[in-house]
Amino acid sequence: MLQDQECRKEKGFIARHARIATVVAVLCGATSGSLSAMTAAPSVAIGFWRLTLALPFFAIPILKSKVQREKLKAVSRRDLALSLLSGVFLFGHFFSWFSAVKLTNVASGAVLASLHPLVVLLVTVALFKRRVGMKSILAIIVALVGSAVIAGAGYSAAESGTMEGNFLALMASVFMGLYFAVGDEVRKRVEGNIYVLIVFFGCWVCFVAGALATGTAVIGYTAQDYLYIVLMTFICQIGSHAMFNMCIGHVSSLYVSTLEAGDPVFSTLVAVVCLGQIPSGYEILGCVVVVGALLYYNYQESIEKGISGNEL
């Protein structure tokens with residue numbers, strides 16, 4: 001009985017503060033690019049430790065609570081499979097993103113990775129036959145033009161790996177879009193903390209398999225590298241990814257996607273301070289075009305869905 005009350009109290013806390021928590025999640029996520037770029041450890045090692053350190057914070061409370069254990073057991077095979085699949089997509093996003101920021105500017109990478117709402121749209125159109133208005137399509141085209149400007153800005157620096165980094169950032173957006181598309185479906189039936197545990201576990205298994213398959217060492221790095229990984233675990237893994245999943249269902253998709261459109265701006269500012277990365281004129285232009293197009297797309301989506309501005 002007491003555990004039921006605690007569970008309802010926890011859900012009430014998230015519901016009451018979901019909007020603020022979403023803002024915090026965006027700000028926390030904006031540090032990921034700079035922290036990853038400053039970490040000399042390879043992408044597989046970064047991901048392994050981020051998930052290894054984050055998992056106990058979700059596994060222990062659930063396994064200690066009889067109520068939560070029963071809810072975990074009650075997850076259907078279909079939702080379990082989808083949640084694990086979401087973990088695979090999260091692994092793809094992490095690996096691509098960690099690799100991208102080591103090869104390109106955080107500003108460029110963050111903007112290209114922020115195109116994931118377009119991936120979600122394509123998935124819903126292809127699988128659920130969703131109809132899309134012409135203005136939304138126009139916004140998509142403009143966003144793609146902006147991403148092309150950013151990619152073009154890195155063409156002259158292809159020898160230094162910038163083009164490869166931009167491509168990996170685009171792949172990060174694809175995997176993130178698939179991750180969100182699956183999560184949006186599963187979270188209709190599975191509680192946030194349980195969903196996060198299954199997803200993070202699936203992602204962790206992928207990183208373990210990746211480390212074994214590639215022979216990547218997970219120990220032997222500098223104390224500074226491990227410090228950055230610990231910071232990424234608490235700030236990015238728990239403060240951003242886990243928080244986002246907990247907030248889904250308590251805030252409108254418009255609110256989340258609009259805030260996320262500002263992520264590249266925050267990421268760029270963090271990179272200027274932490275890495276001294278000053279974006280070029282073309283990269284700034286591309287950032288403005290993409291962020292503006294995504295905001296316009298979100299606005300058109302709100303009109304088509306009949307969402308009023310009061311929901312923000």
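At a threshold of 4.5 Å between side-chain heavy atoms, the hydrophobic network of Ile, Leu, Val, Met, Phe, Trp and Tyr places V88 and L51 in two separate groups. The hydrophobic clustering, which links ILVMFWY residues whose side-chain heavy atoms are closer than 4.5 Å, places V101 and V273 apart. F48 and L231 fall within a single hydrophobic cluster, where Ile, Leu, Val, Met, Phe, Trp and Tyr are joined by side-chain heavy atoms under 4.5 Å apart, directly or via other members. Residues I229 and V270 do not share a hydrophobic cluster, defined by chaining ILVMFWY side chains whose heavy atoms lie under 4.5 Å apart. The hydrophobic clustering, which links ILVMFWY residues whose side-chain heavy atoms are closer than 4.5 Å, places I238 and L227 together.
Across all their heavy atoms, G202 and L84 have their closest contact at CA-CD2, 4.0 Å. Here the closest non-hydrogen pair linking Q68 and N193 is OE1-ND2, 2.9 Å. A pairwise comparison of heavy atoms in S34 and V106 identifies N-CG2, 4.1 Å as the closest pair. The heavy-atom pair separating P61 from P56 by the smallest distance is CD-O, 3.8 Å. Shown here for G29 and S240, the closest heavy-atom pair between the two residues is CA-OG, 3.5 Å. The two residues G192 and R187 make their nearest non-hydrogen contact at N-NH1, 3.3 Å.
Checked by atom type, the side-chain pair W204/T52 shows a donor-acceptor distance below 3.5 Å. No side-chain donor-acceptor contact under 3.5 Å links S36 and W97.
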| field | Working for side chain to side chain contact (heavy atoms under 4.5 Å, CB included), residues R50 and S32 | value | CA-CA 12 Å; R50 271 185 60 165; S32 176; 3.9 Å; yes
| request: For C236 and L35, run side chain to side chain contact (heavy atoms under 4.5 Å, CB included): C-alpha distance rounded to whole Å, both residues' side-chain angles, the deciding distance at 0.1 Å, then the answer. | output: CA-CA 9 Å; C236 308; L35 287 172; 4.3 Å; yes
| request: Apply side chain to side chain contact (heavy atoms under 4.5 Å, CB included) to L90 and H241, showing your working. | output: CA-CA 10 Å; L90 184 59; H241 282 276; 3.8 Å; yes
| field | Intermediate values then yes/no, side chain to side chain contact (heavy atoms under 4.5 Å, CB included), I219 and W49 | value | CA-CA 10 Å; I219 58 175; W49 282 114; 4.2 Å; yes
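For F207, the CZ atom is densely surrounded, since the number of other residues' heavy atoms within 6.0 Å is greater than 12. For F201, the CZ atom is loosely surrounded, since the number of other residues' heavy atoms within 6.0 Å does not exceed 12. Within 6.0 Å of CG in L212 there are more than 12 heavy atoms belonging to other residues, nucleotides or ligands. The number of heavy atoms from other shown groups lying within 6.0 Å of OH (Y226) is above 12.
Interatomic distance, CG of L168 versus OG of S173, reported as 11.0 Å (0.5 Å rounding). If you take OH on Y179 and NE2 on H93, they are separated by 8.5 Å, rounding to the nearest 0.5 Å. Rounding to the nearest 0.5 Å places OH of Y228 at 12.5 Å from OG1 of T31. For the atom pair D79 CG and Y195 OH, the distance stands at 10.0 Å (nearest 0.5 Å).
With ring centers used as reference points, F234 lies under 6.0 Å from F57.
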